[in-house]
Number of protein chains: 2
Amino acid sequence: MATGRTHRPATRSRGIPEATVARLPLYLRALTALSERSVPTVSSEELAAAAGVNSAKLRKDFSYLGSYGTRGVGYDVEYLVYQISRELGLTQDWPVVIVGIGNLGAALANYGGFSARGFRVAALIDADPAMAGKPVAGMAVQHTDDLEKIIEENGVSIGVIATPAGAAQQVSERLIAAGVTSILNFAPTVLSVPDGVDVRKVDLSIELQILAFHEQRKAGEEAAAAATEPGSAVGGAAPAAAVVPPAGRTTAEARKGGPEGDVPAVMPA
Amino acid sequence: MATGRTHRPATRSRGIPEATVARLPLYLRALTALSERSVPTVSSEELAAAAGVNSAKLRKDFSYLGSYGTRGVGYDVEYLVYQISRELGLTQDWPVVIVGIGNLGAALANYGGFSARGFRVAALIDADPAMAGKPVAGMAVQHTDDLEKIIEENGVSIGVIATPAGAAQQVSERLIAAGVTSILNFAPTVLSVPDGVDVRKVDLSIELQILAFHEQRKAGEEAAAAATEPGSAVGGAAPAAAVVPPAGRTTAEARKGGPEGDVPAVMPA
DNA sequence: ATGCCTTTGTGAACGCGTGCACAAAGATTG
DNA sequence: CAATCTTTGTGCACGCGTTCACAAAGGCAT
Ligand SMILES: NC(=O)c1ccc[n+]([C@@H]2O[C@H](COP(=O)([O-])OP(=O)(O)OC[C@H]3O[C@@H](n4cnc5c(N)ncnc54)[C@H](O)[C@@H]3O)[C@@H](O)[C@H]2O)c1
Ligand SMILES: NC(=O)c1ccc[n+]([C@@H]2O[C@H](COP(=O)([O-])OP(=O)(O)OC[C@H]3O[C@@H](n4cnc5c(N)ncnc54)[C@H](O)[C@@H]3O)[C@@H](O)[C@H]2O)c1
């Protein structure tokens with residue numbers, strides 16, 4: 001069992017770089033919006049702005065798909081929507097199962113954006129016997145006992161895990177054994193999966209911690225800047241819209257109230 | 001207004017690479033688990049396995065924080081937990097507001113893992129007057145009218161957006177004007193924010209589409225492999241657990257039923 | 001105290017992703 | 001038909017991130 005290997009620096013798909021693949025859905029979304037407004041063509045500059053990326057990057061991304069643009073004009077919106085959809089495999093229908101119908105799983109089941117583009121919730125699965133048969137998002141929850149049968153009968157290859165962390169590894173193993181080869185994991189655990197299985201994780205806690213890091217850094221920098229510029233320490237030459245951070249907590253001082261102040265309780269031995 | 005710039009190839013923090021910052025929460029989680037099992041020290045090899053990364057990468061990551069290990073022994077678990085927590089800014093308390101208490105927002109509010117590490121849900125905000133005052137996760141939902149007041153009074157610098165896509169940009173602007181400088185966005189939109197504001201997005205739909213891409217690729221490769229090996233076209237030397245894809249649609253042929261077959265309806269003009 | 005064994009910390013090489021800048025392509029206009 | 005203008009597609013350089021591989025450091029046994 002490969003322990004790490006959750007991400008795929010593995011098989012560089014079919015020439016299309018992973019970074020590009022990750023942006024295609026973004027382009028597709030922007031293009032779909034344009035399509036709904038009946039915009040016939042769009043330049044790389046406009047589309048890039050809508051998708052929030054650099055226009056050169058966008059053109060390079062599209063170049064991996066082929067030469068679908070017209071110089072001097074731009075890209076045909078409808079045509080590009082189709083090409084990207086096809087490249088992403090959205091021209092076919094992907095049945096998906098959600099395992100773990102708690103707070104999050106139920107929210108996911110109720111989420112409309114799912115079926116919007118090629119994905120169809122084939123079944124909701126939970127281990128709680130009390131949940132079995134209950135309707136969630138207009139669909140009866142099924143028991144974990146039938147997991148394998150459900151996967152096989154529906155030809156499911158994509159599974160979503162929204163169980164508690166402790167159950168995630170075991171659930172993934174059952175899913176994989178039954179034929180699932182792609183997993184979207186919401187549980188805060190590292191899943192060990194065999195080669196050939198793709199796992200993507202969504203981890204709220206990690207995202208928040210990354211934000212906290214930058215938030216702390218901003219506070220620290222501001223404190224440092226205030227120190228260098230003695231006059232404007234409190235309310236001096238505040239820039240335009242005055243985005244004043246909550247309080248002037250300095251980064252350097254996160255000391256505990258304890259006597260040793262800087263180390264927790266245990267020293268490195 | 002900076003249009004793109006959602007991600008930060010921007011200010012390379014304080015020497016700590018962004019990629020490393022993104023992994024610190026992963027290490028922290030693994031270390032916390034070890035700490036709860038009262039494991040005193042851990043080697044880079046063991047910890048890397050637990051976090052699902054390469055051990056050399058882990059050591060390099062830690063080297064940005066300083067020399068906290070002991071050669072021949074490993075790292076002191078408690079000490080490292082504290083150092084990473086401090087680096088991520090988790091030794092202080094971060095009040096967070098959730099805007100948009102629908103399916104997802106309510107699930108987030110109910111999520112325990114929030115408060116587990118430094119984050120505290122300070123308020124739940126929704127635009128629906130019918131929601132105002134209603135208790136969700138033991139907390140009364142407040143109306144959007146009071147958004148600015150809530151942010152300021154609680155010193156909130158991190159906001160979570162779980163509104164429909166159409167409202168997200170406007171909500172972000174109000175949050176930012178009120179003092180929020182970090183946003184976690186669950187709505188499927190590109191947010192335009194001024195410099196100095198960090199945005200991270202969680203996009204279920206994009207994750208699924210990326211999985212679909214790889215899924216399609218696997219199916220295509222399998223079909224190609226089967227074609228090269230004529231004997232085992234249908235049920236020949238199937239590997240172990242027989243991971244049979246839904247149907248034998250080849251990647252190359254996603255043609256529509258129409259006459260022109262390959263293009264959607266409109267040609268590039 | 002000495003030598004052995006384990007594990008860290010990092011120099012160096014490599015590969016991927018990004019963005020600049022421009023030539024080529026095509027539309028458009030006179 | 002020729003000139004001009006717009007926009008694509010990409011060669012190229014650069015920087016970041018990953019990984020290898022190893023010397024130095026420290027513990028531990030004898
Ligand atoms: N709620 C959130 O906003 C949120 C945010 C981020 C991450 N998460 C993570 O998502 C997961 C689910 O969160 P939640 O709030 O919905 O939890 P929850 O406790 O409300 O729901 C978990 C569900 O999984 C079911 N379950 C347990 N073991 C199972 C098994 N072996 N097979 C199938 N079903 C099983 C339970 O019966 C329950 O219905 C957790 O790992 C949590 O850490 C949740
Ligand atoms: N539910 C999911 O699993 C899921 C998954 C991925 C993404 N999303 C996205 O998350 C967002 C929320 O999804 P949901 O399923 O919870 O939707 P929802 O419709 O259930 O909830 C949206 C809530 O936002 C409130 N709201 C609307 N405009 C507002 C405003 N201007 N200010 C404050 N509140 C406002 C509404 O009153 C409602 O309570 C959507 O953008 C959706 O695309 C949801």
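Computed from heavy atoms alone, side chains included, the values below leave out hydrogens, waters and symmetry copies. To find a chain, count down the sequence lines: A is the first, B the second, and so on, and within it residues start at 1.
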Taking atom P of dT10(D) as reference, at what distance in whole Å does atom CG of Asn54(A) sit?
-> 17 Å
Test ring pair (Phe, Tyr, Trp, His ring centres under 6.0 Å), reference Tyr68(B), set Tyr82(B), Tyr79(B), Tyr75(B), output is Tyr79(B)
Could you state the CG-C1' distance from Leu58(B) to dT10(C), rounded to the nearest angstrom?
-> 14 Å
Starting from C1' on dG9(D), measure out to CG on Leu80(A) and report it in whole angstrom.
-> 14 Å
Any donor and acceptor pair, going by atom type alone, linking the side chain of Lys218(A) with main-chain N or O of Gly196(B) inside 3.5 Å?
-> yes
What residues, two or more places apart in sequence or in another chain, satisfy salt bridge (Lys or Arg N to Asp or Glu O under 4.0 Å) together with Arg23(A)?
-> Asp61(A)
Side-chain contact check for Ser67(A): nearest option of dC20(C), dT10(C), dG9(D) is dG9(D)
Rounded to whole angstroms, how far apart are CG on Asp61(A) and C1' on dC16(C)?
-> 13 Å
For Tyr68(B) and dT7(C), is the shortest distance between a side-chain N/O and OP1 or OP2 below 4.0 Å?
-> no
Could you list the residues that satisfy side chain to side chain donor-acceptor pair (under 3.5 Å) with Thr163(B), not counting sequence neighbours?
-> none
Can you tabulate the close N/O pairs, meaning under 3.5 Å, that link protein atoms to atoms of nucleotides 1-3 of chain D?
none

OP1 or OP2 of dT7(D) less than 4.0 angstrom from a side-chain nitrogen or oxygen of Ser43(A), does that happen here?
-> no
Mind checking salt bridge (Lys or Arg N to Asp or Glu O under 4.0 Å) for Lys57(B) and listing every partner two or more places apart, or none if nothing turns up?
-> none
Only counting residues at least two apart or in another chain, list the ones meeting side chain to side chain donor-acceptor pair (under 3.5 Å) with Ser205(B).
-> Gln209(B)
So, Ser192(B) versus Gln169(B): side-chain donor-acceptor pair below 3.5 Å or not?
-> no
Polar pairs (N or O, both sides) under 3.5 Å between protein and nucleotides 2-5 of chain C?
none

Nearest-angstrom distance from the residue atom CG of Leu65(A) to P of dT8(D) = 15 Å
Could you check whether Phe62(B) gets within reach of a base, just the sugar-phosphate, or nothing at all, counting any heavy atom under 4.0 Å?
-> nothing
Quick one: which of dG17(C), dT8(C), dG17(D) gets closest to the side chain of Ala19(B)?
-> dG17(D)
Quick note, ring-ring contact (aromatic ring centres under 6.0 Å, His included) partners involving residues 30-53 of chain B, not counting sequence neighbours, are none
Kindly write out the residues that satisfy ring pair (Phe, Tyr, Trp, His ring centres under 6.0 Å) with Tyr27(B), not counting sequence neighbours, or none if the list is empty.
-> Phe62(B)
Apply side chain to side chain donor-acceptor pair (under 3.5 Å) to Ser35(A) and list each qualifying residue two or more places apart in sequence or on a separate chain.
-> Glu78(A)
Do the side-chain N or O atoms of Ser44(B) get closer than 4.0 angstrom to the phosphate oxygens (OP1, OP2) of dT7(C)?
-> no
For each nucleotide in nucleotides 23-30 of chain C, reading 5' to 3', give B when a protein heavy atom comes within less than 4.0 Å of its base, S when such contact involves only the sugar-phosphate, and - otherwise.
-> -BB-S---
Nucleotide dG11(D), atom P - distance to NZ of Lys57(A) in whole Å = 19 Å
Any donor-acceptor pair under 3.5 Å joining the side chain of Lys60(A) to the base of dG19(C)?
-> yes
Which nucleotide sits closest to the side chain of Pro17(B): dT10(D), dG17(D), dC20(D)?
-> dG17(D)
Nucleotide dT10(C), atom P - distance to OH of Tyr64(B) in whole Å = 10 Å
How would you list all residue pairs meeting salt bridge (Lys or Arg N to Asp or Glu O under 4.0 Å) that involve residues 30-49 of chain B, not counting sequence neighbours?
-> none
Partner residues of Thr32(A) under the side chain to side chain donor-acceptor pair (under 3.5 Å) criterion, sequence neighbours left out = Arg117(A)
Mind calculating the distance between CD (Glu18(B)) and P (dG17(C)) to the nearest angstrom?
-> 17 Å
